[in-house]
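Beneath this line is the structure, given in structure tokens, with notes to follow.
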Amino acid sequence: MKIRTALVASTAVFLAGAASAETMKIGITQNNVGVDSYQTTYEKAFIAAAEANADVEAVVLDAGGDVARQIAQMEDLIQQEVDAIIIWPTNGEAVIPAVRKAHQAGIPVIVTNSNIAEAGFDFVKSFSGPDNITQGARSAEIMCDKFKEMGIENEAQVVHITGQPGYTTAIERAKGFEDRLPEVCPNVTVVDTQPGDWNREKSQQVMEAFLVKYDDIDGVYAGDDNMGVGALNAAKAAGREGIIFVGATNFAVGYEAMGAGEYWGSIYQSPVDDAEAALKTAIDVLEGKDVPFLNYFDTPKITQDNMGDFTKPVF
């Protein structure tokens, strides 16, 4: 297996030999490997899965969170005449023209982890990743169940910390949570929503502002555990106790905080499963197999009550 890797800050490409005639040349442009441990683990797992398949030549790129760079990487992969492109979109709307261009060039596109906007669906063979709306809904159920256990389901107030604006995963997890919470706990009030941009330090600052603004906060929903633990750190520093923290995408720090009894629940999602599923989807498409357009893998609920059934995340 041959892997070509492009550094975030460079256009340099490193080659490792020539491919055989039967090799499937699969390019991937990722969102931002350096932003969190999930994406870092995903990249390592993707490379490992590609290396394990002698029929795959992988071109591994990272957009570094830059939409313009990702569009340029898409154009580069098209020029290289790769057999398939996997894209982890930096922005679900902005990348559609580049995805359309690949489609017009006859290159199948697989979207991984976070889907593009619906306007681009005609140019995509398959989406491989989690069902983010279901994740948000499950997080709402986790929070509501805990409020009912505490007897505060008719008065609880919640603040919501979202991921990066414009990013499909952030939009979908927020929608899932905001749509489901009124269905299961109609008297719970979401008093404020602010973006944490998937960043722990920013989310801590957002939570600090919430704590100053609101005397009564019973729950915090964060779009991933990285942000959720940032919010938890703010509450601990302010001496605010009794707040129920719920996230989505259980990180190691979230798992540890659950074990310490400080963080209530999350959604279990494996970046290794995510990466392997994306590569398998691309291979299946190239081999002419029947692949569903929405190719989800399961992401179950995890709380302090059942965390012993799950291994600690490696990210």
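Below, each value reflects all heavy atoms present in this structure, side chains not excepted, and no hydrogens, waters or symmetry copies. Keep in mind that this is a model prediction, so the values were computed, not measured.
Here the two rings, on F251 and F315, have centers that are under 6.0 Å apart.
Looking at heavy atoms from C-beta onward, I26 lies in side-chain contact with L286 at the 4.5 angstrom threshold. Contact annotation: the side chain of I78 approaches that of I85 to within less than 4.5 Å [non-hydrogen atoms, C-beta and beyond]. Side-chain contact between V188 and M143: absent, with no pair of heavy atoms (C-beta onward) separated by less than 4.5 Å. In this structure the side chain of V291 never reaches within 4.5 angstrom of the side chain of K125, judged on heavy atoms. In this structure the side chain of I96 never reaches within 4.5 angstrom of the side chain of F121, judged on heavy atoms. Taking 4.5 Å as the limit, every side-chain heavy atom of M74 sits out of range of all side-chain heavy atoms of K101. At a threshold of 4.5 Å between non-hydrogen side-chain atoms, the residues I217 and L211 count as touching.
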Problem - N31/T90 under side chain to side chain contact (heavy atoms under 4.5 Å, CB included): CA gap, chis, key distance, verdict - result: CA-CA 5 Å; N31 172 33; T90 53; 3.3 Å; yes

Practice task
Go through T134 and Y296 one step at a time and tell me if the side-chain hydrogen bond (donor to acceptor under 3.5 Å, both in side chains) criterion holds.
Solution key: CA-CA 11 Å; T134 295; Y296 296 134; over 6 Å; no

Exercise for the section: Give the intermediate values and the outcome of side chain to side chain contact (heavy atoms under 4.5 Å, CB included) for residues E57 and D83. Expected result: CA-CA 10 Å; E57 176 189 4; D83 297 305; over 6 Å; no

Handout entry: Chi angles and distances behind the side-chain hydrogen bond (donor to acceptor under 3.5 Å, both in side chains) call for Q30, E43
Key = CA-CA 8 Å; Q30 300 162 101; E43 182 182 65; 3.1 Å; yes

Practice task
In sequence, state the C-alpha distance, the side-chain angles, and the governing distance for D284 and K280, and then conclude on side chain to side chain contact (heavy atoms under 4.5 Å, CB included).
Solution key: CA-CA 6 Å; D284 286 349; K280 184 178 186 303; 2.8 Å; yes

Problem - Test side chain to side chain contact (heavy atoms under 4.5 Å, CB included) applied to L294 and N115, step by step - result: CA-CA 9 Å; L294 295 174; N115 214 339; 3.8 Å; yes

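Across all their heavy atoms, P89 and V95 have their closest contact at CB-CG2, 4.0 Å. Across all their heavy atoms, Y263 and V246 have their closest contact at OH-C, 4.0 Å. L77 and G27 get closest at one heavy-atom pair: CD2-CA, 3.9 Å. Shown here for M227 and W198, the closest heavy-atom pair between the two residues is SD-N, 3.2 Å. Residues G106 and P108 approach most closely at O-CD, 3.6 Å, considering heavy atoms. Here the closest non-hydrogen pair linking M258 and N250 is SD-ND2, 3.9 Å.
Panel note: side chain D62, backbone V33; a donor-acceptor pair is recorded below 3.5 Å. Looking at Q157, its side chain does come within 3.5 Å of a backbone N or O of D216 through a donor-acceptor pair. Between the side chain of T112 and the main chain of I87, no donor-acceptor pair closer than 3.5 Å is present. Using modelled atom types, one side-chain atom of S126 and one backbone atom of P292 make a donor-acceptor pair closer than 3.5 Å. A distance-only check finds a donor-acceptor pair linking the side chain of S270 to the backbone of V272 [under 3.5 Å]. Listed for the D197 side chain is no donor-acceptor partner under 3.5 Å among the backbone atoms of N199. Side-chain atoms of R138 come within 3.5 Å of backbone atoms of T299 as a donor-acceptor pair (strictly under, hydrogens ignored). Of the possible polar contacts, none joining the N306 side chain to the D309 backbone as a donor-acceptor pair under 3.5 Å is found. Here the side chain of Y167 pairs no donor or acceptor atom with the backbone of S114 at under 3.5 angstrom. With hydrogens and angles ignored, the 3.5 Å screen pairs no side-chain donor or acceptor of Q70 with any backbone N or O of A63.
Distance check: L181 CG to C144 SG gives 6.5 Å after rounding to the nearest 0.5 Å. Note that OG1 of T249 is 7.5 Å distant from CG of N113, once rounded to the nearest 0.5 Å. Annotation: the span from T162 atom OG1 to I171 atom CD1 amounts to 9.5 Å, rounded to 0.5 Å. Atom CZ of residue R173 and atom CD of residue Q135 lie 4.5 Å apart, to the nearest 0.5 angstrom.
The aromatic rings of Y214 and F210 sit tilted, their planes meeting at an angle between 30° and 60°. A tilted orientation is assigned to the rings of Y268 and F310, their planes being inclined by 30° to 60°. Classified by interplanar angle (parallel below 30°, tilted 30° to 60°, perpendicular above 60°), the ring pair Y38/W88 is perpendicular.
A side chain to side chain contact (heavy atoms under 4.5 Å, CB included) with F147 is found for exactly one of N154, I142, V158, namely V158.
Other residues, nucleotides and ligands place more than 12 heavy atoms under 6.0 Å from the NZ atom of K202. Within 6.0 Å of atom NZ in K301, more than 12 heavy atoms from other residues, nucleotides or ligands are found, so the atom counts as buried in its surroundings. Atom NZ of K146 has more than 12 neighbouring heavy atoms from other residues, nucleotides or ligands inside a 6.0 Å radius. Within 6.0 Å of atom CD in E287, more than 12 heavy atoms from other residues, nucleotides or ligands are found, so the atom counts as buried in its surroundings. More than 12 heavy-atom neighbours from other residues, nucleotides or ligands sit within 6.0 angstrom of CD on E183.
In summary, K312 and D225 do not engage in a salt bridge, as defined by a charged side-chain N under 4.0 Å from a carboxylate O.
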